[in-house]
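A short write-up of the structure that comes next.
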There are 2 protein chains.
Amino acid sequence: MSNSTPATIEDVARIANVSIATVSRAIHMPEKVANSTRLKVNQAIAITGYTTNAMARSLRLGRSNMILVVAPDIGDPNFSNILIGLENEARSHGYGILIGHTQNDAQRGLEYLKFLNSNQAAGLILFTGILPFGHQTMTARLPPSVGVFEPVFNGGIPYVGVDDIAGARKAIDLLITEGHRKIAFVGDSRTRLAYSRRRMGYEAGLDAAGIGQDLRIVLEGDGTIESGRLAVEQLFMRDTLPTAFMCVNDQTAIGVMIGLKARGYDIPEDFSVTGFDDVPQAVFMTPSLTTIRQPRTAIGKHAMALLLELLSDGEPAETEILLRPDLIVRNSVGAPPRSRR
Amino acid sequence: MSNSTPATIEDVARIANVSIATVSRAIHMPEKVANSTRLKVNQAIAITGYTTNAMARSLRLGRSNMILVVAPDIGDPNFSNILIGLENEARSHGYGILIGHTQNDAQRGLEYLKFLNSNQAAGLILFTGILPFGHQTMTARLPPSVGVFEPVFNGGIPYVGVDDIAGARKAIDLLITEGHRKIAFVGDSRTRLAYSRRRMGYEAGLDAAGIGQDLRIVLEGDGTIESGRLAVEQLFMRDTLPTAFMCVNDQTAIGVMIGLKARGYDIPEDFSVTGFDDVPQAVFMTPSLTTIRQPRTAIGKHAMALLLELLSDGEPAETEILLRPDLIVRNSVGAPPRSRR
DNA sequence: ACAGGTTATGTAAAGGTTTACAGAGCATGG
DNA sequence: CCATGCTCTGTAAACCTTTACATAACCTGT
């Protein structure tokens, strides 16, 4: 039954006493083959345990039914739920998913580019703002592709993300409503568009509240926990302190909280902190983190839907989908302390 | 330059004015071809941007240079570092990595089984204790495979993991040394072998210290944060309380800490807590979590090395590799409170 | 000059599919 | 009885490689 070498279409054909063409048709266009023949073929398939060689099929067809998801960092807490959204949507349309991990390494990206060039994937989902394929990028012949989180620089690739500006606005508005005037923004970054958009939301919120430039502090940070902690350290070298920290993402916020606690401050009594993303551990912090939630599963679902559209029509209905992020109020935000109000 | 259809070996051959066989040789056995010819071919490759069609190559060769990593849960905080170990090792031997996510769903597993059956992957790394391929499992023709964390039930598949018993022993010994006598084990499970081994370490440590069965409490749990929290809730319905919680993994420990804090207790003043794994957030808990570290990158490296051995030799040097876990002392363990000692 | 050996290249088959094309069988309608 | 059309099936080419085998050119030593 389970031989050392897998059954081919020819084995099935021999047993069913038909030609290989008929077997192929019985599988992929059953209505084109007589009932009796289809029955024979199915029996032969059952006997041999035949399963069509996807590679040969893709080689012949020039396309596969796998979709490659390329991400720079699998460990990103934002990743796994989006992936589930992607998978469920793909699956219900007969596509499978494979994940490529680049670790932000162009060489690794190249590997996946070869994979794509061999038509081993019908489509591509990109988790980076840049095409991770080094200089080959420009000449690369990519399959239908969709970006997640951020537009892909090379252009022409639709993407789905979250309305970062609106999300940041919700955070800053909450802080202002609580009475904060001097609010630091932690995690400015020129490398990630999403981050600079969040900063735009910060600025817009302060503008709308008539809070002047002199009350604004923007601290560098790359979105890691460590960068949040460092930002706090830096800040305490300065003369004036904010009463609240609006962080570019949850990791940064966690770093900020660690830094503040290390100096003996209480949150939110002494300082308020907000994050962005609502990563799984946000709810388990002490205090639990007030943040902006990304609808991750929905992002995945929409991204894949867009890609599937591309795969059938050739033209996507829209080229940019921004989902609405939600404010999740927990316990890391309070009124500013009377003394420093 | 970048045409709509990718260059084939034939395009290169035409431009270089040689046969396709020569092109193939120039690429894969350069020493077999004259210098001048090799030069011509390389130029032609540069002009066309040719990259060999991995699918056609694998079809012909009956093997690919990709390795499939199948994991039930990509979001597992243990996963990403192991993956990096796997990738680095694979890469340095000319193999690429693809990840399959099963979500513990047999149907999804089947997808990847087809992938394997088509020789699209040369080897398989399995992150589950069970082959995730449903009933087809028995007849499945698998490529060389290696398990991670736990032996694969179907048998015959070598694996690399951590010495769970020894690790658990380190945790329990620490608690005993601190003076704890009544220590609860949280997260008993019959489904995961690693977990039941950790429990064996717990029992062995208590035995060695001469602490009787009457002082032992074992609480069910599936390794999630929620299960840890629930275990605490259950426990407080009982008559006697432990002074320490030894948890089957960090997630459970986090849940226990949340449960204890919710009831107003201080850690480690009122209760001590240990985890297992040393997931990234362990260090960021308040108090930071004392736990057992899994050498994740090393696990990945060893697993891949084992697989590569299998791919070349056919026979692995060893069939089971258990790495030594380390005790990481942080702040969640202290002496039991005098009143309840 | 030639047998024998070495080196470099080409020819063609094979790997497992899909599908255009052609052919066979049969029924229908005149 | 024949032309027509329909349904079902088979033949063979194509997808892009790799490689066994054959061939050709050259060199070596006699």
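Lettering follows sequence order; numbering is per chain, from 1. Please read these numbers as outputs of a predicted model, since none were measured by experiment.
Closest non-hydrogen pair, A/L310 versus A/S145, comes out as CD2-O, 3.5 Å. Nearest approach of B/H101 to A/L83, heavy atoms of both residues: ND1-CD2, 3.5 Å. Minimum heavy-atom separation, A/S58 to B/M55: CB-SD, 3.4 Å.
The side chain of A/S19 lies closest to D/dT11 when the candidates are D/dT11, C/dA8, D/dT18. Side-chain proximity of A/V18 to D/dT18, C/dT18, D/dG10: nearest is D/dG10. When distances run from any side-chain atom of A/R60 to the nucleotides D/dC16, D/dA13, C/dT11, the shortest one goes to D/dA13. Closest to the side chain of B/T37, out of D/dT17, C/dA8, D/dC8, is C/dA8. If you check C/dG16, D/dT18, C/dT17 against the side chain of B/I20, the one that comes closest is D/dT18.
Screening A/L126, A/T319, A/L307 for a side-chain contact (heavy atoms from CB on, under 4.5 Å) involving A/V146 leaves a single residue, A/L307.
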Under 3.5 Å, N/O pairs linking protein and nucleotides 20-27 of chain D:
none

Filtered N/O pairs between nucleotides 4-7 of chain C and protein, under 3.5 Å:
none

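Counting only distance, with no hydrogens or angles, the side chain of A/R38 and the backbone of A/P30 share a donor-acceptor pair below 3.5 Å. With hydrogens and angles disregarded, a donor-acceptor distance shorter than 3.5 Å links the side chain of B/D11 to the backbone of B/T8. Although no hydrogens or angles enter the test, the distance criterion places a donor-acceptor pair under 3.5 Å between the side chain of A/S118 and the main chain of A/K114. With hydrogens and angles ignored, the 3.5 Å screen pairs a side-chain donor or acceptor of A/H302 with a backbone N or O of A/A298.
With rounding to whole Å, A/M29 atom CE is found 7 Å from C/dT19 atom P. At whole-Å resolution of the value, CE in A/M55 and C1' in D/dC16 are 12 Å apart. For A/K32 and D/dT9, the NZ to C1' distance is 12 Å, given to the nearest whole Å. Distance CG (A/N53) to P (D/dC15): 18 Å, rounded to an integer number of Å. The nearest whole Å value for the distance from the CZ atom in A/R63 to the C1' atom in D/dA14 is 15 Å.
Residue-level contact check: A/S24 touches the bases, meaning some heavy atom is under 4.0 Å from a base atom. B/L61 comes within 4.0 angstrom of sugar-phosphate atoms only, judged by non-hydrogen atoms across all strands, and of no base.
Remark: B/E320 CD is packed, more than 12 non-hydrogen atoms of other residues, nucleotides or ligands lying under 6.0 Å away. The neighbour count for B/K40 NZ, taken as heavy atoms of other residues, nucleotides or ligands under 6.0 Å away, is above 12.
Aromatic ring centres of B/F149 and B/Y159: separated by at least 6.0 Å.
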Step-by-step side-chain hydrogen bond (donor to acceptor under 3.5 Å, both in side chains) determination, A/R91 to A/N88: CA-CA 5 Å; A/R91 198 139 183 295; A/N88 293 345; over 6 Å; no
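For the pair B/T22 and A/T52, nearest-nucleotide mapping onto DNA chain C gives the more 5' position to B/T22. Along DNA chain C, the nucleotide nearest to B/L59 and the one nearest to A/R57 differ in position, and the one closer to the 5' end is contacted by B/L59.
Comparing the helix axis at one end of the helix from C/dA1-D/dT30 to C/dG30-D/dC1 with that at the other, each defined from 5 consecutive pairs, gives an inter-axis angle of 50° (nearest 10°).
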